[in-house]
Amino acid sequence: MQLPLRCPRHAFSLQVARQFHYTPHVFARRDVAKRMPLPRDLVEFDIEEDFPEFSENDIPSGAHIALHQQRQLAYYMRLIENEMPKFVAFRKPFVPPAAETPLVIRSVDYAGEEHPLTAKRTVVVPVTQLPLRGDLAIHRIKLLAGARWTLDPPKNAGIPLDSEHGKHGYIKIACEDFPQPAMNLKWISDTIDELISAANDEKSTRYQDLPLDTRHIEAKVKKAKRGDHARGQTTRPSLKDFPKEWLPQLAPHSPVEGTGITFTPV
């Protein structure tokens, strides 16, 4: 391309200016020499003198992991052997709960790890051990507890099914609304006190004529699908429910025909 003899000067200077890029000096990179500490400044030994040459005789990384696991196992075994016997000094005899302490408190712990469920507290109490005044107060507290009252103790409550205190069922209340376990336990304790106070209120006559609602118990039995709800049953039948008068009347120690088995009547 040939420029004309009389080319405007400003056009030529503009064309040349486009070939350069200007950056302010504040954005320019500053290469500052940084002195990094040498290995000899950090440690007192010399790698070349204190360590011999690698002779391709080391074990692989997987074997190092296995050795580390064995060291951990040996460490805890030594703790069990040497430190666990010292816990005998903290041993206390088991004292069953008395009538003054009928509450069974259940908590969940993840071995020291933080978890939202660790603040939850669950309390199970038998109705017979509550300070209630008569059968009417027992009926009232069952109505006030609603679905939290059951005939059988919860499976995770630690109470046997044949407990002598399960005549009138159990009340289970759980709380995890507060950040601290003591706050949740205090709310449950206050709620149980309010239930007892309302059940023992002799001036109130609002609950004495209401029937006991057991729909939550029937729904739980029906959901289990074990046949307990069939034909109006309340408990699952077993061999002890078989009528003894239907058993065959055989002589004592007489063999059953064709089997050679000796039958002894009950």
Side-chain angles (χ1 to χ4, degrees), residues 59 61-133 137-138 141-142 144-200 216-217 220 224 236:
I59 58 178
S61 59
H64 280 289
I65 296 175
L67 288 177
H68 177 67
Q69 293 176 352
Q70 292 181 7
R71 294 190 193 100
Q72 277 190 323
L73 179 61
Y75 170 74
Y76 287 109
M77 293 299 292
R78 284 192 294 268
L79 285 180
I80 294 173
E81 184 70 21
N82 301 324
E83 302 296 333
M84 292 294 288
K86 298 179 182 179
F87 290 151
V88 179
F90 302 96
R91 183 181 298 172
K92 296 181 180 180
F94 173 73
V95 179
E100 293 79 11
T101 57
L103 302 180
V104 178
I105 303 173
R106 185 175 66 90
S107 60
V108 180
D109 186 71
Y110 289 88
E113 297 183 5
E114 295 184 0
H115 195 276
L117 195 60
T118 55
K120 181 180 179 180
R121 289 296 180 267
T122 305
V123 173
V124 179
V125 55
V127 177
T128 55
Q129 292 189 345
L130 294 177
L132 301 174
R133 304 170 186 172
I138 294 176
I141 200 169
K142 291 179 183 179
L144 292 173
R148 293 177 177 84
W149 171 81
T150 56
L151 287 172
D152 298 329
K155 296 181 180 179
N156 52 7
I159 302 176
L161 292 174
D162 54 351
S163 177
E164 59 181 3
H165 303 295
K167 179 180 179 181
H168 297 290
Y170 301 85
I171 295 177
K172 174 183 176 181
I173 302 178
C175 180
E176 55 179 338
D177 298 335
F178 302 98
Q180 298 298 328
M183 300 171 67
N184 293 318
L185 191 59
K186 182 64 169 62
W187 182 89
I188 296 174
S189 177
D190 295 342
T191 303
I192 293 177
D193 293 340
E194 292 177 2
L195 287 175
I196 296 174
S197 178
N200 290 330
H216 60 284
I217 300 177
K220 185 177 180 180
R236 190 175 185 182

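Throughout, residue positions are numbered sequentially from 1 according to the sequence presented. Quick caveat: nothing in here was measured; it's all calculated off a predicted structure.
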Peer 1: Let me confirm one number: the CD-CG distance from Gln72 to Leu67, rounded to the nearest 0.5 Å.
Peer 2: 12.0 Å
Peer 1: So do Ile105 and Ile188 actually touch side chain to side chain, heavy atoms under 4.5 Å?
Peer 2: no
Peer 1: Would you sort out whether Ile217 and Trp149 count as a side-chain contact (heavy atoms from CB on, under 4.5 Å), showing the intermediate values?
Peer 2: CA-CA 9 Å; Ile217 300 177; Trp149 171 81; 3.9 Å; yes
Peer 1: If I take atom NZ from residue Lys186 and atom CD from residue Gln180, how far apart are they, to the nearest 0.5 angstrom?
Peer 2: 15.5 Å
Peer 1: Side chain to side chain contact (heavy atoms under 4.5 Å, CB included) with Arg91: which residues, sequence neighbours excluded?
Peer 2: Val88
Peer 1: Of all the heavy-atom pairs spanning Ala119 and Pro179, show the shortest one and how long it is.
Peer 2: CB-O, 3.6 Å
Peer 1: Which pair of non-hydrogen atoms, one from Lys172 and one from Thr122, has the smallest distance, and what is that distance?
Peer 2: CE-CG2, 3.6 Å
Peer 1: Mind checking side-chain hydrogen bond (donor to acceptor under 3.5 Å, both in side chains) for Lys86 and listing every partner two or more places apart, or none if nothing turns up?
Peer 2: Glu83
Peer 1: For His216 and Ala147, work out which heavy atoms get closest and say how close.
Peer 2: CD2-O, 3.6 Å
Peer 1: Could you state the interatomic distance from CZ (Arg133) to CG (Asn200), rounded to the nearest 0.5 Å?
Peer 2: 4.5 Å
Peer 1: CD1 of Ile192 to OG of Ser197: how many Å apart, nearest 0.5 Å?
Peer 2: 13.5 Å
Peer 1: So do the side chains of Leu130 and Leu195 get within less than 4.5 Å of each other, counting heavy atoms only?
Peer 2: no
Peer 1: Would you say that more than 12 heavy atoms from the other residues, nucleotides or ligands in this model lie under 6.0 Å from the NE2 of His115, or not?
Peer 2: yes
Peer 1: Can you list everything that forms a side chain to side chain contact (heavy atoms under 4.5 Å, CB included) with Glu194? Sequence neighbours excluded, please.
Peer 2: none
Peer 1: State whether the side chain of Thr191 and the backbone N or O of Trp187 hold a donor-acceptor pair below 3.5 Å, judged by distance alone.
Peer 2: yes
Peer 1: If you round to the nearest 0.5 Å, how far is CE of Met183 from CG of Asp177?
Peer 2: 10.0 Å
Peer 1: Search all heavy atoms of His168 against all heavy atoms of Val127 and return the closest pair with its distance.
Peer 2: O-CG2, 3.7 Å
Peer 1: Within the 4.5 Å heavy-atom criterion, are Lys120 and Asn184 side-chain neighbours or not?
Peer 2: no
Peer 1: What is the minimum heavy-atom distance between Leu117 and Glu176, and which atoms define it?
Peer 2: CD1-OE1, 4.0 Å
Peer 1: Output the distance between atom NZ (Lys142) and atom CG (Leu144), rounded to the nearest 0.5 Å.
Peer 2: 12.5 Å
Peer 1: Considering all heavy atoms of both residues, which atom of Thr118 and which atom of Glu113 are nearest to each other, and what is their separation?
Peer 2: CG2-O, 4.2 Å
Peer 1: Check this for me: Arg148, atom CZ, are more than 12 non-hydrogen atoms of other residues, nucleotides or ligands nearer than 6.0 Å?
Peer 2: no
